[in-house]
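In the text below, chain A, chain B and the rest are named by the order of the sequence lines, each starting its count at 1. Values reported hereafter were calculated over all heavy atoms of this structure, with side chains retained and with hydrogens, waters and symmetry mates removed. Everything numeric here is computed off the predicted structure, so don't read it as measured data.
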Amino acid sequence: MERKVRVRFAPSPTGPLHIGGVRTALFNYLYAKRNGGEIILRIEDTDSNRFVPGAEDYINEAFAWLGIKFDEGVREGGAYGPYRQSERRDIYRDYVKRLLDAGKAYIAFDTPQELEAKRSEIPNFQYDAKTRGGMRNSLTLSADEVKSLIDSGEKYVVRFLVEPDCKVVVNDLVRGEVTVNSSVLDDKVLYKSADDLPTYHLANIVDDHLMKITHVIRGEEWLPSAPLHVLLYEAFGWTDTMPQFVHLPLLLKPDGKGKLSKRDGDRLGFPVFPLEWKDPKTGEISSGYRESGYLPEAVINFLALLGWNPGTDKEIMSMDELISQFSFGHCSKSGAKFDFEKGKWFNHKYLQELPDDKLAEMYMPLLSAHGHGDADPAMVTRVVSLVKGRINFVRDLWEQSKFFFEAPTEYAEKDVRKRWKDGMPQIMEELIGVLDGISDFSSAASEPIVLGWIAEKGYHLGNVMNAFRLTVVGECKGPHMFDITEILGKAETIRRIRKGIEEIKSC
RNA sequence: GGCGCUUUCGUCUAGCGGUUAGGACGCGGCCCUCUCACGGCUGAAACACGGGUUCGAUUCCCGUAGGCGCUACCA
């Protein structure tokens, strides 16, 4: 029977959501939506030691910004809650008991210190069929001993009993069949004594089963424990509804080796988190894509193409297009190095798609910060239309357009040397006269007049125009000259040429 | 160390037995042009290695090497 597709993204609230986690969530989302299914956000807070306040809110805010909407979750509600694992203790206890009663799990009293001692004493020590007979557990102790130990308040964990030498097959939608021998698996702790909570493995299987998850889509770091999960489904007798597994390739460091980590962002100067994050303990701030000027659509598009492709040359795709094209058949198997330059390119592309007035609106706070909050919106929109082609971020707008708002106070030495030749001040004086005589200062009307004057005088077009530009912009770059002067107006243009004649010293 | 996954330009990747090995980012050149960008065109740049299988391997299989992950009462 075909079950309705249900997937989940299950982060633990141990800090800000890593960009690799965002990518995993995105693939879950795309697959679910592509197949008319549902996506659940489950908070896996079964490690009370690593719990970080604020992390859960961060996760919700990040997905809201990115445009990934969950069908069920702590905030969204749903028929399969609670969606926070710390609120499901009773459920887990019940399922652990089932395993215990069925003889598929056992109680172990070994303390962390005892285990530590074993590990340093025996190389490659593993708690399994070979070694469990020499440990303190309900398999080696008599029922009476176990009972009295428990009654006396002795701490214990519950371990999964792994039968040795069995072939375990994990069926993975992107990797095919992955086979391991159960002897390489250890008797994993399913229930911890330290915080009276299950481990990831137990909670994960129980919740996925109860929440009717059909596809477990997660990072490749989980592949080694997937056989254990398969064994757990078998132990519970849930093999007929066991989800399909998909292990996604990891996001790797742009340089060097290893998977992308928090440190890489600080080191290489790009964010590894969707939103800025302030560590509640240390006060340390980690930059986010949102605060760095990224458009959420660009981040989504960029991330989608890391480890997946539509099978065509198309690269710029909206969320809806991604959804309609998505499949695991086009997922790659090997890790992808994080290419920050390409990320910038995506943002550049998406910025170009924005309407000018919208971009202008996004520019306003920055303009205000530079003391130009009173700028005319129509003028700003026009400015933005002229310079947007050269920006990767909204913040680049200032560097590219500040001369529209402030007269240059210094002049690029290199350009002065090249364009401010002897006699140029004199020609600029003439230019002032020509400009002063123009009544319609629009680009279209003024350009032929100035160009005509240059031609008539036999001046060098490039030299005169660049000297002109130097006085108005401060350097030889920027949009079409007459588009600039149209916005500046006659008075300001002439004022700047005069200022230039005064201040530019030829070399 | 053990176990598993993986391997096409510097990077992200297309390719699913026969291709001049394609695209994108970045880099170089040309065009456009008053400048710098944008844009258009274009150039350099890859099948890790060794065995098989096959008429034929980038493609399938096996090794080797490299890379990555896991190896906790963390997820």
Side-chain angles (χ1 to χ4, degrees), chain A residues 10-14 44-47 49-50 108 110-112 115-116 119 123-124 126-127 155-159 170 172 174-175 178-181 183-186 188-201 203-204 218-227 247 249-250 252 254-255 257-259 302 305-316 329-330 332-346 348 352 386-391 400 415 418-419 447 450-451 454 460-470 473 475-482:
Chain A
S12 29
T14 56
E44 308 223 328
D45 52 349
T46 55
D47 185 357
N49 296 319
R50 294 206 305 160
D110 319 274
T111 64
L115 290 169
E116 185 61 34
R119 288 192 185 103
N124 299 325
Q126 179 170 283
Y127 209 120
K155 293 270 195 185
Y156 63 88
V157 300
V158 176
R159 284 183 182 273
V170 178
D172 188 292
V174 338
R175 288 158 211 282
V178 177
T179 308
V180 300
N181 187 299
S183 295
V184 306
L185 270 25
D186 64 339
K188 271 274 175 298
V189 170
L190 298 179
Y191 208 87
K192 303 176 281 180
S193 69
D195 46 14
D196 194 31
L197 242 17
T199 57
Y200 169 86
H201 306 290
N204 194 265
R218 72 234 295 196
E220 193 185 350
E221 71 266 30
W222 292 107
L223 191 52
S225 49
H247 292 93
L250 264 19
L252 272 20
D255 61 348
K257 304 157 183 266
K259 63 174 169 177
F302 173 45
L305 260 28
L306 246 27
W308 175 83
N309 70 81
T312 66
D313 288 342
K314 198 163 167 63
E315 292 202 291
I316 301 295
H330 278 108
S332 44
K333 299 177 178 70
S334 53
K337 280 189 182 165
F338 197 78
D339 182 6
F340 189 59
E341 285 303 319
K342 187 110 186 206
K344 290 205 291 212
W345 176 78
F346 274 106
H348 169 84
Q352 307 314 307
L386 292 177
V387 304
K388 68 173 179 179
R390 54 193 77 212
I391 62 164
Q400 296 301 330
D415 294 330
K418 187 174 177 192
R419 305 293 190 179
E447 178 169 357
V450 175
L451 261 30
I454 292 173
H460 181 95
L461 180 69
N463 285 346
V464 174
M465 286 305 295
N466 279 293
F468 183 18
R469 180 177 289 277
L470 199 49
V473 177
E475 55 188 319
C476 293
K477 65 172 209 187
H480 191 66
M481 202 48 215
F482 297 97

Whole-Å gap separating [atom2] ([N]) and [atom1] ([X]):
X	N	atom1	atom2	answer
A/Trp345	B/C27	CH2	C1'	16 Å
A/Leu252	B/U7	CG	P	13 Å
A/Leu197	B/C74	CG	P	9 Å
A/Lys337	B/G26	NZ	C1'	15 Å
A/Leu386	B/G39	CG	C1'	16 Å
A/Phe482	B/U35	CZ	C1'	13 Å

Return yes if the base of [N] and the side-chain atoms of [X] contain a donor-acceptor N/O pair under 3.5 Å, otherwise no.
X	N	value
A/His247	B/C5	no
A/Thr199	B/C73	no
A/Lys188	B/A72	no
A/Arg175	B/C5	no

Under-4.0 Å salt bridge between A/Asp339 and A/Lys342: no
If you check the [X] side chain, which of [options] turns out closest?
X	options	value
A/His330	B/C3, B/U6, B/G15	B/G15
A/Leu223	B/C70, B/G4, B/A24	B/G4
A/Leu250	B/G69, B/C34, B/U11	B/G69
A/Arg419	B/U35, B/C12, B/A75	B/U35
A/Lys259	B/U7, B/C34, B/C70	B/C70

Watson-Crick or G-U wobble partner for [N], using a 3.5 Å limit on both distances?
N	answer
B/G50	B/C62
B/A44	none
B/C5	B/G67
B/A24	B/U11
B/G39	B/C31

is_close_aromatic(A/Tyr200, A/Trp222), centroid dist under 6.0 Å: yes
Distance flag, aromatic centroids of A/Phe338 and A/Phe302, threshold under 6.0 Å: yes
Tell me whether the OP1 or OP2 atom of [N] has a side-chain N or O from [X] closer than 4.0 Å.
X	N	answer
A/Lys388	B/A37	no
A/Ser193	B/C73	no
A/Arg50	B/A75	no
A/Lys344	B/U11	no
A/Arg159	B/A72	no
A/Asn309	B/A14	yes

Touch class at under 4.0 angstrom, heavy-atom based, for A/Ser225 against every strand present: nothing
Touch class at under 4.0 angstrom, heavy-atom based, for A/Gly307 against every strand present: sugar-phosphate
